[in-house]
Amino acid sequence: DPSDHLQYMRLALDQAQESPPKPSNFRVGALLVDADTGAILSRGYTLECEGNTHAEQCCLLKFAKAHDLPEERVGEALPPNTVIYTTMEPCNLRLSGNLSCADRIIRTKGKGGEQSIKKVYLGVKEPEKFVGDNEGRKKLEENSVECVHVPGLEERILSVATAGHEL
Ligand SMILES: Nc1nc(=O)c(N)c(NC[C@H](O)[C@H](O)[C@H](O)COP(=O)(O)O)[nH]1
Ligand SMILES: [Zn+2]
């Protein structure tokens with residue numbers, strides 16, 4: 001029920017607080033959850049994993065590593081009803097040119113080809129600071145990944161996300 005979503009989003013915000021401030025991105029946190037059991041499968045935050053990594057990307061990378069899989073095959077190890085909570089809408093274009101998180105989420109397929117991550121719960125839409133209007137949500141929905149906004153933490157999410165930006 002909605003209070004569970006808010007609880008998971010709070011945990012994702014806790015992750016975002018771990019992210020090192022940087023003027024060229026946002027500090028975001030994410031959680032992979034098995035929607036059938038409620039179990040937290042992985043947590044991640046921006047720049048947690050080596051390189052210029054996003055929170056959602058770190059969640060997937062860590063879970064893949066724990067199952068001896070490359071990130072692009074993580075869908076094979078994810079439960080069939082996985083959801084991701086992310087404090088900010090997944091990116092669809094990155095100024096660095098790295099693969100977007102929308103694409104990373106869309107490509108999570110089980111061995112039978114079915115979609116592993118079925119739903120994205122997001123805390124805020126991406127502010128139009130770096131890439132204008134982020135079409136991550138649109139791209140996800142066009143690829144049968146449902147996006148649900150979890151209201152209530154917007155101000156805190158945005159203040160954490162932009163903590164590394166000059167005022
Ligand atoms: N959902 C999300 N999770 C993140 O962990 C993160 N850092 C962003 N940030 C979106 C922003 O648009 C990009 O950070 C900039 O476009 C710069 O791109 P890089 O991050 O350098 O690839 N968005
Ligand atoms: Zn991203």
Side-chain angles (χ1 to χ4, degrees), residues 5-6 8-33 40-65 70-75 78 82-108 115-143 145-167:
H5 297 319
L6 199 54
Y8 285 122
M9 194 58 76
R10 277 199 196 95
L11 293 175
L13 183 55
D14 290 344
Q15 287 298 302
Q17 305 257 23
E18 303 291 318
S19 177
K22 190 176 163 196
S24 64
N25 71 12
F26 293 111
R27 299 168 74 227
V28 178
L31 234 63
L32 272 181
V33 174
I40 295 173
L41 303 166
S42 184
R43 304 176 200 235
Y45 56 83
T46 309
L47 301 178
E48 178 182 7
C49 298
E50 84 184 66
N52 180 1
T53 49
H54 280 188
E56 306 93 310
Q57 179 183 2
C58 293
C59 273
L60 296 172
L61 204 53
K62 290 163 69 180
F63 190 81
K65 275 198 183 124
E71 189 229 318
E72 55 271 19
R73 288 180 51 202
V74 69
L78 285 170
T82 300
V83 298
I84 186 164
Y85 287 82
T86 178
T87 55
M88 186 175 291
E89 170 191 19
C91 62
N92 183 41
L93 168 69
R94 296 178 55 168
L95 292 182
S96 66
N98 290 340
L99 185 68
S100 76
C101 297
D103 289 333
R104 295 174 193 273
I105 290 165
I106 289 162
R107 73 178 176 186
T108 58
Q115 183 71 30
S116 300
I117 298 181
K118 297 272 197 301
K119 222 181 241 191
V120 172
Y121 291 95
L122 52 100
V124 296
K125 181 163 175 43
E126 178 177 348
E128 303 200 4
K129 174 172 182 129
F130 298 113
V131 295
D133 178 32
N134 172 14
E135 305 212 329
R137 175 169 189 156
K138 182 165 166 276
K139 173 116 186 228
L140 287 159
E141 288 171 341
E142 282 168 355
N143 287 274
V145 179
E146 199 183 336
C147 293
V148 178
H149 174 228
V150 177
L153 299 172
E154 291 85 349
E155 276 182 44
R156 287 173 51 197
I157 287 172
L158 288 173
S159 73
V160 169
T162 58
H165 300 179
E166 66 288 344
L167 294 176

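As the structure lists them, so they are numbered: ligands from 1, and atoms in each ligand from 1. Along the sequence shown, the residues carry numbers beginning at 1.
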Study note, to complete from the structure: Scanning both residues in full, the closest heavy-atom pair of Ala55 with Gly44 reads CB-O, 3.9 Å

Check your understanding: Hey, what do you get for CD1 (Ile105) to CG (Leu60), rounding to the nearest 0.5 Å?
Key -> 6.5 Å

What are the distances between nitrogen or oxygen atoms of ligand 1 and protein nitrogen or oxygen atoms, counting only those under 3.5 Å?
from, atom 1, to, atom 2, distance (Å)
ligand 1, 1 (N), Glu56, OE2, 2.8
ligand 1, 1 (N), Glu89, O, 3.0
ligand 1, 3 (N), Glu56, OE1, 2.9
ligand 1, 5 (O), Thr46, OG1, 2.8
ligand 1, 5 (O), Ala55, N, 2.9
ligand 1, 7 (N), Phe26, O, 3.1
ligand 1, 7 (N), His54, NE2, 3.3
ligand 1, 12 (O), Glu126, OE2, 2.6
ligand 1, 14 (O), His54, NE2, 3.4
ligand 1, 16 (O), Leu95, N, 3.3
ligand 1, 18 (O), Leu95, N, 3.3
ligand 1, 20 (O), His54, NE2, 2.6
ligand 1, 21 (O), Asn52, ND2, 2.8
ligand 1, 22 (O), Arg94, NE, 2.7
ligand 1, 22 (O), Arg94, NH2, 3.2
ligand 1, 22 (O), Ser96, OG, 2.5

Review point. So, for Ile117 and Thr108, which heavy atoms are closest and what is the spacing to 0.1 Å?
Key: N-OG1, 3.3 Å

Check your understanding: Hey, which protein N/O/S atoms does the Zn ion (ligand 2) have under 2.8 Å?
Key -> His54 ND1, Cys91 SG, Cys101 SG

**Study point:** SG on Cys58 to CD on Glu50, rounded to 0.5 Å
**Key:** 10.5 Å

Check your understanding: Going by the salt bridge (Lys or Arg N to Asp or Glu O under 4.0 Å) test, which pairs reach into residues 8-24, not counting sequence neighbours?
Key -> none

Exercise for review: Sequence neighbours left out, what pairs pass salt bridge (Lys or Arg N to Asp or Glu O under 4.0 Å) with at least one residue falling in residues 130-140?
Suggested key: Asp103-Lys139, Lys125-Asp133, Glu135-Lys138, Arg137-Glu141, Lys138-Glu142

**Study point:** Distance in Å, Thr162 OG1 paired with Asn25 CG, rounded so as to fall on 0.5 Å steps
**Key:** 11.0 Å

Revision key, fill the gap. Between Met9 and Ile157 the two heavy atoms that sit nearest each other are CG-CD1, 4.4 Å

Revision key, fill the gap. Nearest heavy-atom contact between Phe130 and Pro23 is CZ-O, 3.4 Å

